[in-house]
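The next block holds one structure in the form of structure tokens; read it before the comments.
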Amino acid sequence: MIEILATSGLATVQDGGRHGSLRYGVGVAGAMDPMALAAANLLLGNEADAAAIEIPIFPFRVRFTAPCGFALAGADCAARLDGRALLPWWAYRAPAGAELVLEVPHPGACRAYLALAGGVDVPAVLGSRSTQLRGAFGGHEGRTLRVGDVVRAGRPEAAVDEFGVVPPALDMPRTQDGMRAIRVLPAAEYGCFTAASRAAFWAGDWKITAQSDRYGYRLAGEALVFERPVEMLSHGIVPGVIQVPPNGQPIVQMRDAQPSGGYPKFGTVIDADLWRLGQAPIGSRIRFVETDWAEAVAAGDETAAWLAEAGRLIGLRRLERGA
Amino acid sequence: MMDTEALAAHLAKALDGTDIGLLELRTPQGTLRLRRDGSKVVATTASHITVAASSVGVFRHGHPLRAAPLAPPGTRVRAGDPLGLLRIGALLIAVVAPRDGVVDRMLAADGALVGYGAPLARLRVDPEPPPPARQP
């Protein structure tokens with residue numbers, strides 16, 4: 001069990017997402033960086049998509065009220081356990097009473113994940129433990145965590161070996177001109193934009209504005225211009241869809257996106273790159289790279305293969321160490 | 001070269017009648033420390049230990065996300081503190097200090113592929129505390 005001692009806001013319980021409920025108007029939610037979520041869980045012997053705490057604002061401080069295994073992944077927050085410096089992307093054992101502090105992360109990533117042995121124990125709603133903020137259900141009482149909240153671990157007594165995993169972004173780097181490179185499939189209304197706008201979209205930098213969160217990333221760059229006015233009825237959308245409102249500044253739908261929208265769709269960030277975008281800090285600049293269906297599928301295979309191999313090695317290590 | 005015991009005896013004799021309180025001699029075999037205890041000169045067994053690789057892997061002086069090495073020479077470490085990391089595929093395993101001490105130097109380069117048992121770091125360890133007195 002952990003008790004929240006300090007939070008700067010917006011920390012939520014998230015798992016792999018609430019899939020299969022879009023037809024009821026329920027968004028997927030889930031971790032903004034599912035690779036970090038999976039890595040932290042695997043280090044503890046949890047299911048890769050078990051629930052953990054997603055922390056986007058720092059500092060964040062908790063106390064372990066009982067001995068418990070935990071793992072950190074995602075942004076490197078120079079974490080300390082009772083003053084002892086911890087390594088990022090690493091599993092540890094906390095004694096009862098120990099205090100864990102996560103500081104403002106090193107630049108380059110913005111969300112940290114705190115996984116607990118056995119996963120964060122909150123009731124599953126519609127098949128997921130993710131917090132659905134819009135509907136105020138799932139996760140911990142359907143809301144962000146507050147000081148004084150107590151969060152339970154599924155198997156706090158489970159054996160934990162202290163070791164780490166290489167951050168996947170180091171094994172599968174994707175940058176262009178020093179910026180995060182995010183692969184995009186052109187979407188239904190791509191052809192409704194001028195040729196110059198289409199070229200500028202791929203060539204220019206896009207800044208993640210301060211109006212970016214789990215719902216969507218609002219980008220700033222050279223405005224995208226419609227060839228002719230486009231009017232559309234609302235239609236289903238998914239995380240990754242890049243909508244263009246009349247001002248020409250695109251919005252990438254993220255995990256807490258509404259399941260429908262009416263803006264024209266310029267493109268879709270491929271599923272295999274959403275975790276990279278989910279770690280792009282506000283104020284950073286990104287590049288979009290045009291891709292096609294075959295490459296998008298191959299990219300999904302690549303991340304799945306990385307996780308499978310990491311999971312295999314972690315499993316062997318835990319077995320060898322009796323964890 | 002004479003063995004450590006003979007060397008210690010020789011140096012202790014040479015120190016007799018001086019007012020030198022502590023002598024530390026560093027040799028490739030380790031460090032010999034002579035300390036005055038009342039009127040007697042005693043040898044304490046401060047020395048170096050070599051920390052070896054527990055597995056085949058790539059030795060890293062620091063975490064791949066961080067620029068700074070974990071324990072550059074001169075760092076005081078406690079038993080269990082990481083001196084470096086071994087990368088095995090996607091895994092990272094800490095190479096830990098077996099005892100309290102001070103990092104003397106790294107014996108394998110950052111990024112070096114090392115085999116099982118390869119020397120990785122040298123630690124100047126603190127003298128063991130004396131064994132507790134026996135109850136009569």
Side-chain angles (χ1 to χ4, degrees), chain A residues 35-36 38-39 42-43 48 71-93 105-109 112 161-173 279 302-303 305-321 323, chain B residues 51-103 106 108-118 120-121 123 125-126:
Chain A
M35 292 293 275
L42 290 173
L43 284 171
L72 297 169
D76 176 7
C77 298
R80 289 185 172 270
L81 183 69
D82 273 349
R84 170 193 179 196
L86 304 184
L87 291 165
W89 297 75
W90 214 271
Y92 289 98
R93 286 180 296 267
H106 293 230
D161 185 40
E162 298 195 344
F163 68 109
V165 65
V166 175
L170 297 181
D171 271 355
M172 296 177 282
Q279 285 289 9
E302 187 193 16
T303 53
W306 188 92
L307 271 184
E309 176 62 6
R312 187 183 70 83
L313 290 172
I314 288 169
L316 285 174
R317 170 79 186 177
R318 285 177 47 81
L319 195 68
E320 183 187 304
R321 305 280 291 184
Chain B
V51 182
S54 61
S55 159
V56 174
V58 174
F59 186 52
R60 297 298 308 259
H61 291 185
H63 191 278
L65 281 182
R66 297 179 181 175
L70 282 164
T75 306
R76 171 151 282 281
V77 291
R78 307 259 307 270
D81 283 353
L83 304 174
L85 305 176
L86 267 182
R87 179 180 172 152
I88 307 150
L91 298 190
L92 288 169
I93 311 292
V95 175
V96 299
R99 285 171 51 189
D100 295 0
V102 174
V103 178
M106 291 292 151
D110 185 41
L113 177 65
V114 298
Y116 173 82
L120 300 179
L123 193 66
V125 294
D126 297 345

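Throughout, protein chains are lettered first and strands after them, A, B, ... in sequence-line order, and every chain is numbered starting at 1.
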Applying a strict 4.5 Å limit to non-hydrogen atoms, the region of A/P167 in contact with chain B is side chain
When rounded to the nearest 0.5 Å, the distance separating CG of B/L91 from CD of A/E309 is 9.0 Å
So CG of A/L313 and CD1 of B/I88: to nearest 0.5 Å the spacing works out to 8.5 Å
On a heavy-atom basis, the closest approach of B/I93 and A/F163 is CD1-CB, 4.0 Å
- Message: Using only atom types and a distance under 3.5 Å, with no angle test, would you say the side chain of A/H106 pairs donor to acceptor with the backbone of B/R66?
- Response: no
Value for CG (A/L87) from CG (B/L70), rounded to nearest 0.5 Å, stands at 5.5 Å
Smallest heavy-atom separation, B/L92 atom then A/V166 atom, equals CG-CG2, 3.8 Å
If one checks every heavy atom of A/L170 against chain B at 4.5 Å, the contacting part turns out to be side chain
Highest number of heavy-atom pairs under 4.5 Å with chain B among A/A109, A/P88, A/P168 belongs to A/P88
Heavy-atom closest pair (A/W306 atom, B/A90 atom, distance to 0.1 Å) is CZ2-CB, 4.3 Å
Residue set satisfying salt bridge (Lys or Arg N to Asp or Glu O under 4.0 Å) with A/R84, at least two apart, ordered chain then number -> A/E162
dist B/H63:NE2 -> A/W90:CH2 (nearest 0.5 Å) comes out at 6.0 Å
So, the part of B/L85 with a heavy atom under 4.5 Å from chain A: the answer is side chain
By side-chain hydrogen bond (donor to acceptor under 3.5 Å, both in side chains), B/R87 pairs with (sequence neighbours left out) A/D171
